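Bear in mind the structure is a predicted one, so any value in this text is a computation, not a measurement.
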Amino acid sequence: MQEILNKELYKEVCEHYELYYKLQPLTARIYALFVFNNCPNGLTFEDILDTFQASKSSVSHSINTLVELNFLEQFKKDNERKRHFRVNRSLFLMRLQDVHQRLIREREISRKLRSYRKINNDELFKQEEYDFYVGHLNEVTESLEKTIQNLKLHINSNGKSN
């Protein structure tokens, strides 16, 4: 397995996954290892155990979490019983689809709240502020839709399914 070359960047990546994806520290460290080393052939459970010197149950829990979140995919090589893990190749697409859905939901909720507040003569935000906010949500969701379509085309042209 390759040495991690930049420990400060590795630490920053781990902190990012802890903060923004709410991963436990060991889980974030394991995922960062995969991201740093690319690991196209995957790593086995034993590889991860050897690297982190953590308990089997902790490593197992972290791997299961990453698989459930679709951050990692598991596979078996021909004539091997061991499971291998690698970064999910459609992860960027899945992340953008998740952000897209959240923004669409945010826009829907904002519109409903705005209507409710108008009916009850209880305006929370000025119309101009609301228009800026919803206008931005519209621009961002349209941009994300284009990016998602481009990623799908790229993934499909490389023979990988989403």
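For the atom pair CG (Asn70) and CD (Glu73), the distance works out to 9.0 Å, reported to the nearest 0.5 Å. His154 contributes atom NE2, which lies 6.0 Å from atom OG of Ser157 (distance to the nearest 0.5 angstrom). Remark: Lys146 NZ to Thr141 OG1 distance equals 10.5 Å, nearest 0.5 Å. Atom OH in Tyr133 sits 3.0 Å away from atom CD in Glu106 (nearest 0.5 Å). To the nearest 0.5 Å, atom CD of residue Gln24 and atom NE2 of residue His61 are 6.5 Å apart. Note that CG of Asp98 is 11.0 Å distant from CG of Leu93, once rounded to the nearest 0.5 Å.
In this structure, Ser62 contributes its side chain and Ser58 its backbone to a donor-acceptor pair below 3.5 Å. In terms of modelled atom types and a separation under 3.5 Å, the side chain of Gln53 and the main chain of Asp50 share a donor-acceptor contact. Remark: side-chain polar atoms of Asp47 are paired, donor with acceptor, to backbone N or O of Thr44 under 3.5 angstrom.
Within a 6.0 Å radius of CD in Glu80, other residues, nucleotides and ligands contribute more than 12 heavy atoms. Atom NZ of Lys11 has 12 or fewer heavy atoms from other residues, nucleotides or ligands within 6.0 Å.
Using a 4.5 Å cut-off on side-chain heavy atoms (C-beta onward), Asn41 and Lys77 make contact. A 4.5 Å side-chain heavy-atom check between Phe132 and His136 finds every atom pair outside the cut-off. Using a 4.5 Å cut-off on side-chain heavy atoms (C-beta onward), Tyr21 and Leu66 make no contact. Side chains of Leu91 and Arg95 form a contact here, defined as non-hydrogen atoms less than 4.5 Å apart. Inter-residue side-chain proximity for Leu23 and Phe71 is flagged as met; some heavy-atom pair is nearer than 4.5 Å. At a threshold of 4.5 Å between non-hydrogen side-chain atoms, the residues Asn37 and Leu43 do not count as touching.
With respect to the salt-bridge test (charged N to carboxylate O, under 4.0 angstrom), the residues Glu108 and Arg105 qualify.
Using cut-offs of 30° and 60° for the angle between ring planes, the Phe75 and His84 rings count as tilted.
One hydrophobic cluster, built from ILVMFWY side chains closer than 4.5 Å, holds both Leu19 and Tyr31. Under a hydrophobic-cluster definition in which Ile, Leu, Val, Met, Phe, Trp and Tyr are linked whenever side-chain heavy atoms come within less than 4.5 Å, directly or via other members, Ile104 and Leu144 are assigned to different clusters. Under a hydrophobic-cluster definition in which Ile, Leu, Val, Met, Phe, Trp and Tyr are linked whenever side-chain heavy atoms come within less than 4.5 Å, directly or via other members, Ile109 and Val99 are assigned to different clusters. Leu9 is connected to Ile30 through a chain of hydrophobic side-chain contacts under 4.5 Å among Ile, Leu, Val, Met, Phe, Trp and Tyr, so both are in one cluster.
The shortest non-hydrogen separation linking Met94 to Asn88 is CE-ND2, 3.4 Å. When all heavy atoms of Ala28 and Tyr17 are compared, the closest pair comes out as CB-CB, 4.0 Å. Nearest heavy atom pair, residue Tyr10 against residue Ala32, reads CE1-CB, 3.5 Å. The two residues Phe45 and Phe85 make their nearest non-hydrogen contact at N-CE1, 4.2 Å. Contact detail for Ser110 and Val134: the closest heavy-atom pair is CB-CG2, 4.5 Å. In terms of heavy atoms, Val59 sits closest to Leu26 at N-CD2, 4.1 Å.
With hydrogens and angles left out, the side-chain atoms of Asn150 and Thr147 include no donor and acceptor closer than 3.5 Å.
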Worksheet item: Hey, mind stepping through Phe92 and Ile155 against side chain to side chain contact (heavy atoms under 4.5 Å, CB included) and telling me if it holds?
Response: CA-CA 10 Å; Phe92 291 141; Ile155 289 169; over 6 Å; no

